[in-house]
Every structure is written in C-alpha cells, then in structure tokens.
Visitor: 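Dropping a structure here in structure tokens format, bear with me for questions.
Chain letters run A, B, ... following the sequence lines, proteins first and then strands; every chain starts at 1. Everything numeric here is computed off the predicted structure, so don't read it as measured data.
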Number of protein chains: 2
Amino acid sequence: MATIYQVSELAGVSLATVSRVMNGNTRVSEAKRTKVLEAMKELNYRPNSIAQSLASNCTNSVGLLVSELYGPFFGEMMSGVEGELRAAGKHVIVAAGHSDEASEKDAIEFLISRKCDALILHVDAVSDQYLLELNQSGTPVVVINRSIPGLMENCICLNNQLGGYLATKTLLEMGHRKVAYVSGPMWKTDVRDRVAGHRRALQEFDCVVPDSLFIEGDFHEEGGVKAMLQLLQQPEPFTAVVCANDEMACGVMNCARDNNLDVPGDLSVMGFDNVIMSRYTFPHLTTIDFPSGEMGRMAANWVRQHIYQDSKKPVQNLFEPTVVMRDSVRGLA
Amino acid sequence: MATIYQVSELAGVSLATVSRVMNGNTRVSEAKRTKVLEAMKELNYRPNSIAQSLASNCTNSVGLLVSELYGPFFGEMMSGVEGELRAAGKHVIVAAGHSDEASEKDAIEFLISRKCDALILHVDAVSDQYLLELNQSGTPVVVINRSIPGLMENCICLNNQLGGYLATKTLLEMGHRKVAYVSGPMWKTDVRDRVAGHRRALQEFDCVVPDSLFIEGDFHEEGGVKAMLQLLQQPEPFTAVVCANDEMACGVMNCARDNNLDVPGDLSVMGFDNVIMSRYTFPHLTTIDFPSGEMGRMAANWVRQHIYQDSKKPVQNLFEPTVVMRDSVRGLA
DNA sequence: TTGTATGCGTTATCAG
DNA sequence: CTGATAACGCATACAA
C-alpha cells in the first residue's frame, strides 16, 4: 500500500503538500496539486484512515448501539443512521446491547475504546446517570427514544404518550368502550408513556375499564398470544384490544382467529410501530406510525451538526406519531 | 485520557513493559506486572485501539457489507456475524450496498480505507473478477450466498438449487401439477439457481408447465401482488405457486385473498427464506428455511480461523436448506 | 505557497 | 526479564 511519503516523492513535493491537497483546507498551487493528484492515481494511493485518526484525533466513525441487529424496527433505524452518515463520509460501527445492562455497558466500552467521535444509542437497561456521565466524559452521546433529564438536547424521541393516546382515542371515537390493553414490559420508560397516553384517552372519554383488561406483555408475538388467551379467560367482555407494538398485535390477531373471532368483525385490534410486516398481515394492521428510519437519520444529523459541523439541517428532537388506518379496526354500530 | 506513558511513569517501569503486560505475550516479573496493573486501574487507563492498530497493522475490525440494513434476512445475518465476532473481541463496521454496483464498490473502498482485517460481503452487483482481485489485493474476503470459481474456500453458500428443488418437489409430491413460479430478478445468481432447482423437480416428475406460469418478480411484496395479478389474467389454470422469497409469497397470498381465492383451499403457496414474518402471516407460510443467522456466524468463524486464528470450529462452506411445513400448502386430492 | 520538524499512542526490534 | 529507540502513516504548528 502506497503511503503519503511515496506520493510526495513521485510528485516531487514535500509530504506536507500531499497532505494539504488531501485535506483541501490549505491553498496549494494548481501545478503542484495536479502533480500530486497524478502521483496518487499512479500509485493507486488510498489514505490510511487509521493513521489519519491518530494524527488528527478524529476517527470519522460513530458508534451505533441498538438492542438487536434484527427486527424491522432497528433495521429501519440503522438504515437511516447509516445512510445519513455514509453520505457525509463517516463510518458506523454497530453493536448490539440486548436490553441487558452488562451487555450494553460492555458494548459502549467497546465503542469508546475504538475512539468513535460520537455514540448513537438505543438502550434501555442502562441508567440515566450513566448516560449523563458518559456524555460528560468526552464521548458525545445522542440517545434515541428515551428522554433524559439534563440531556434533552441529545435526545431524539417519539412522543410515546401521544402515540398511546392516539391509539386508544381512535378506538374510542369509533364507539368502542370495552377496550383491552396489552402493554410492553413496564420497566421501560417508553412503555409507561404509551400506557399513560392510553389512560388519558380513556379518561377523556369518561371510560373506565376493569384491571383485568390490562395485560403486561413482552413485545413478542408469543406474548401477544398469551395475553389474548388471558383476556379470553377472564369474564369481562371487550370489543377492541390495543397493543403496545405490532408483534404482539399479530399474536393477538392470530390467537383471536384460532378462537373463531373475526378481526375486525368481532374484535378490533390496534398495533404500534407500523413495522413493515404490519402491511402484510391479514387483516392489514391498523397501527401507530413510529418513524424509526427518520429518527435514525435525525440522530445522525445531530452528530453531523454537533461533531462534524457539516450539516445545516435543523435538529428535531421530538417526533409525532400518527395513526395509520388499515383493516384491523372497525367502528361499532 | 491516560496513555501508556503515564502508566509506565506511575508504575515506575518502562513504557515497553506496560505494553508487554497488556499483550501478555512476553514474560514479565510478577512484581512489575502487578505494579502496572495497579497503575492502569488508578488512571482508569484504556488502550487507544487506533494507536494499536497503526503500530500493529491490525485493526481488530471486520467490515460487513450487506444489501440493506433493514429486512429480516439481513438482520439475522448481521446478528450472527456481530455475535460471533464480538465474542472474539472484534468490531464490525457495517455498510449497505443497495444491490448497486457503484454503491457496492464504494462501500468496499470505504471499508478498505478503514483497514478492516477482513471483509464479509453479501453483494450481488459486483463481478466475480472484482471480488477475486479484491481478495488478492491484500484484504481477505469472505462471500456469503454466492459461489465464486477460484474462491470457493472463501464462500459461505446456501444450496439454492436444492432449495428450489425442494420447494417445487414438495408441491409435486402432494399432487400438484399446475404449479406457477414467481422468481426473483434473473440477473442474480442465487435466483437462477433456485429456478434451476425448480426446473429439475418439474423434470423429475415429468411435469411440463407453460411459460405463462413463470413470472419474474422483484423480491418485494408488491412484486408478488403484480405477479399474481398477471397469473390470474392468463388462461392457464394453476393450483399452486412457488415464490422465490417470502415477501413475494405474502403479496401472492394477499392478492389471492383479494380475488376470493382461499389459501390453501383454492391455491397452495410456497415461500423461500423462512423469514421471521412468515410465522405470522395468515395462513402461516410454508417455506424453505434459509439459515441466514447461522451462515453469518459461520462467515465470522471463517474470519476468526483464517485471520485471527482464535477458533477451532471447522468451517462449513455449504448449507442445506430444509422445508418448513406450515399452513399455506395443501395436498391435492 | 511550501518545506521541516514534531507529535499522536502503541508495537516491536534491538541491546543489555 | 527489561529498557531505549525506531517505526506506523499522517496532520500540523512553525519557519522560510
């Protein structure tokens, strides 16, 4: 692999001049510049970004930590991040946190030791305090889908409360009153926000539903099935069930069908996230859109603004969810 | 951030000794070793992996190039790669190639300039020749789902031919004879392999189907819908359709339902890939399992063997697909 | 505008 | 076993 030194020799200039034409920040005479360029081409020179990083103390790479590398939700998000960063000539180093504290911290250490210029995190096991210290300690951090007091500027959030509200309100407006709720794990902040929105909508419509119609799920399809089974076994009737994510909504719909319940004829089902799959289910799932791709892009944009100063697109910290009407919900006569 | 120099000073040893206890390859007296370890702890020292990379000419990072960052298929694969590599203390740098030649090459250049120790590629736009030269030129390459003459040792493949064969054979054995086929883009090698398997099964059963029952799709859900529409408009009757991937199978099923065709009552549908979603569709999709996660893990294992020499698990170059029976296929009386 | 010299934080090659 | 010292490839004050 050719080095800057060999290029300088072939071009008959100093090593510093070569460096200058590469970075393009200092003025170089046109004559020497073309000479250097030619030499580069001839030697098929490629800058060693490792050396560049060491010398400039900038790695041009940002760490991306997500809970899982698979799943439609994270896929869209990663795609957004990578697309935006790649366009700026930056690298993304990914790691998975598996929603486990030790694993998340480990991954973050991993990324830091790699000297990432910034970290984009989607974590839920690690504490707010930890993230605050992390950001203070030298590695800028932007957090997705989590609001951290004292670090709001670095958070890219979805208004989960509003999402939960919209989901339930939609059903309520269509005449449903007996609406069951299958939530995610309540230790997650976004889950609690969605539930709060749900409760607000209920309250607004003077609607009280018994506790037995509230089930804490696990965000997985099987969890949806289990929740539905539980719902079916308790005495309270219900005409609709709103789920805290699309996977569980799938489980609920499948379970309903297995129990000879027609969706949406006998039961309306509402999802959350608007995962790609939700367009393919039968019936097509009515859900709340979570713009994960856009939010990933925005997180990357944040980094471009604050770290690389190469973007002038304003940062949007809060995203608003919207209702996506499809076929799994029906109005009550 | 503390450096090795400060540690050496605090420990009262030379800088070289510190380096030695870090790497643990040379013997160091127990006394000095503990002194160094203590100093490290006190200074909260973390090695600068950039400097390590420059000095050792080993970045401990491998580039991973996939077509897209989203989608269940790549998600599973990436997850396999990251899990295996992370366990070995290696980093993975990801990029998306978008099945476009310029984009794929660009991404590869990107990864190379980052001095990845090896590249794991899932590409389909770039030529065999290019990959051969790439591998020769200093950056070891392992290719997923593509067999390259002269580079077979570096390829982790699925037996697509067998997969295509199994898909169609399954239907044939159940009595179907009028089986339509919705393929992927024919310029992709794996697509052609699947088609070849399909043809082989047909031949084996002395079954000839008219050309109008063969549609070239695009691997997307909409493509499945369009293909099904096309199938419906031509005169030849058919009792089953095998699709080159699950997404298109979803489209076919949805379109069938929209046209009052019961699946599998009136029409059997076979998918390919066994994407997570296929378990959630209605009816649950019968398909061919593509062990993308395992193959990703194996690609990573290849790298560990050949580049880092820290794995003794044997490399498996060829994976066999299997039939996953679910509810979208039914035998003909 | 251009060249020289030094530093970035480690590894690795020597002597001792 | 240990300690100087020279790479590694590039960026960048400083000087010219």
Visitor: Which nucleotide sits closest to the side chain of A55(B): dG3(D), dG3(C), dT10(C)?
Guide: dT10(C)
Visitor: Between Y45(B) and dT10(C), does any side-chain N or O lie under 4.0 Å from OP1 or OP2?
Guide: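 Y45(B) to dT10(C) OP1/OP2: side-chain N or O found under 4.0 Å.
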Visitor: Does a nitrogen or oxygen in the side chain of Q52(B) sit under 4.0 Å from OP1 or OP2 of dT11(C)?
Guide: yes
Visitor: Hey, does the side chain of S19(B) come within less than 4.0 Å of dT11(C)'s phosphate (OP1/OP2), counting only N and O?
Guide: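 True: S19(B) side-chain N/O within range (under 4.0 Å) of dT11(C) OP1/OP2.
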Visitor: For L15(B) and dA7(D), what is the distance between atoms CG and C1' respectively, to the nearest whole Å?
Guide: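 Interatomic distance, CG of L15(B) to C1' of dA7(D): 13 Å.
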Visitor: What does N57(A) touch in the nucleic acid at a heavy-atom separation under 4.0 angstrom: a base, only the sugar-phosphate, or nothing?
Guide: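 The answer is nothing, as N57(A) stays clear of every strand by at least 4.0 Å.
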Visitor: Does E101(B) pair with K105(B) as a salt bridge, N-O distance under 4.0 Å?
Guide: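 Salt bridge: yes.
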Visitor: Using only heavy-atom distances, decide whether a donor-acceptor pair under 3.5 angstrom links the side-chain of R20(A) to the base of dG3(C).
Guide: yes
Visitor: What's the closest nucleotide to the A51(A) side chain, out of dT11(C), dG9(D), dA11(D)?
Guide: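 The answer is dG9(D), which lies nearest to the side chain.
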Visitor: If the cut-off is 4.0 Å, is N23(B) near the phosphate of dT11(C), judged by side-chain N/O to OP1 or OP2?
Guide: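 Looking at the OP1 and OP2 atoms of dT11(C), one of them is under 4.0 Å from a side-chain N or O of N23(B).
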Visitor: May I have the distance from I50(A) (atom CD1) to dC8(C) (atom C1'), rounded to whole angstrom?
Guide: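 After rounding, the reported distance stands at 13 Å.
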Visitor: Could you pick out which residue, S56(B) or V28(B), lies toward the 5' side of DNA chain D when each is mapped onto its nearest nucleotide?
Guide: V28(B)
Visitor: Between T17(B) and dG3(D), is there a contact of a side-chain N or O with OP1 or OP2 at under 4.0 Å?
Guide: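 The answer is yes; a side-chain N or O of T17(B) sits under 4.0 Å from OP1 or OP2.
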Visitor: Within the 3.5 Å criterion, strictly below it, is a donor on N145(B) or N160(B) matched to an acceptor on the partner's side chain?
Guide: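 Judged by distance alone, the side chains do pair up.
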Visitor: What is the separation between atom CD1 on I4(A) and atom P on dG3(C), rounded to the nearest whole Å?
Guide: 12 Å
Visitor: Can you tell me the distance, in whole Å, between the CZ atom of R46(A) and the C1' atom of dC8(D)?
Guide: 20 Å
Visitor: Mind telling me whether F73(B) and F290(B) have parallel, tilted or perpendicular rings, with 30° and 60° as the class edges?
Guide: perpendicular
Visitor: Considering just the side-chain nitrogens and oxygens of K115(B), establish if one lies under 4.0 Å of OP1 or OP2 belonging to dG9(D).
Guide: no
Visitor: Under 4.5 Å between any side-chain heavy atoms of M22(A) and V36(A), yes or no?
Guide: no
Visitor: In this structure, how many angstroms lie between the C1' atom of dA11(D) and the CG atom of N60(A), rounded?
Guide: 13 Å
Visitor: Out of V315(A), N135(A), V143(A), which one pairs with N154(A) under the side chain to side chain contact (heavy atoms under 4.5 Å, CB included) rule?
Guide: N135(A)
Visitor: Does OP1 or OP2 of dG9(C) have a side-chain N or O of T3(B) closer than 4.0 Å?
Guide: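 It does not, given that no N or O in the side chain of T3(B) lies less than 4.0 Å from OP1 or OP2 of dG9(C).
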Visitor: Consider the side chain of A16(A), meaning its heavy atoms from C-beta on, and name the nucleotide among dG9(C), dT2(D), dT12(D) that approaches it most closely.
Guide: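 So the nucleotide nearest the side chain must be dT12(D).
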Visitor: Rounded to whole angstroms, how far apart are CZ on R114(A) and C1' on dT10(C)?
Guide: 13 Å
Visitor: Whole-Å distance between dC8(C) P and L54(A) CG?
Guide: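 So the CG-P distance, L54(A) to dC8(C), works out to 9 Å.
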Visitor: May I ask you to evaluate whether S29(A) reaches the phosphate of dT2(C), defined as a side-chain N or O under 4.0 Å from OP1 or OP2?
Guide: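 Yes, such a contact exists.
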Visitor: Are side-chain heavy atoms of L134(B) and I112(B) found at a separation under 4.5 Å?
Guide: yes
Visitor: Give the rounded distance in Å between these two atoms: CD of E30(B) and C1' of dC1(D).
Guide: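 In whole Å, dC1(D) C1' and E30(B) CD are 13 Å from each other.
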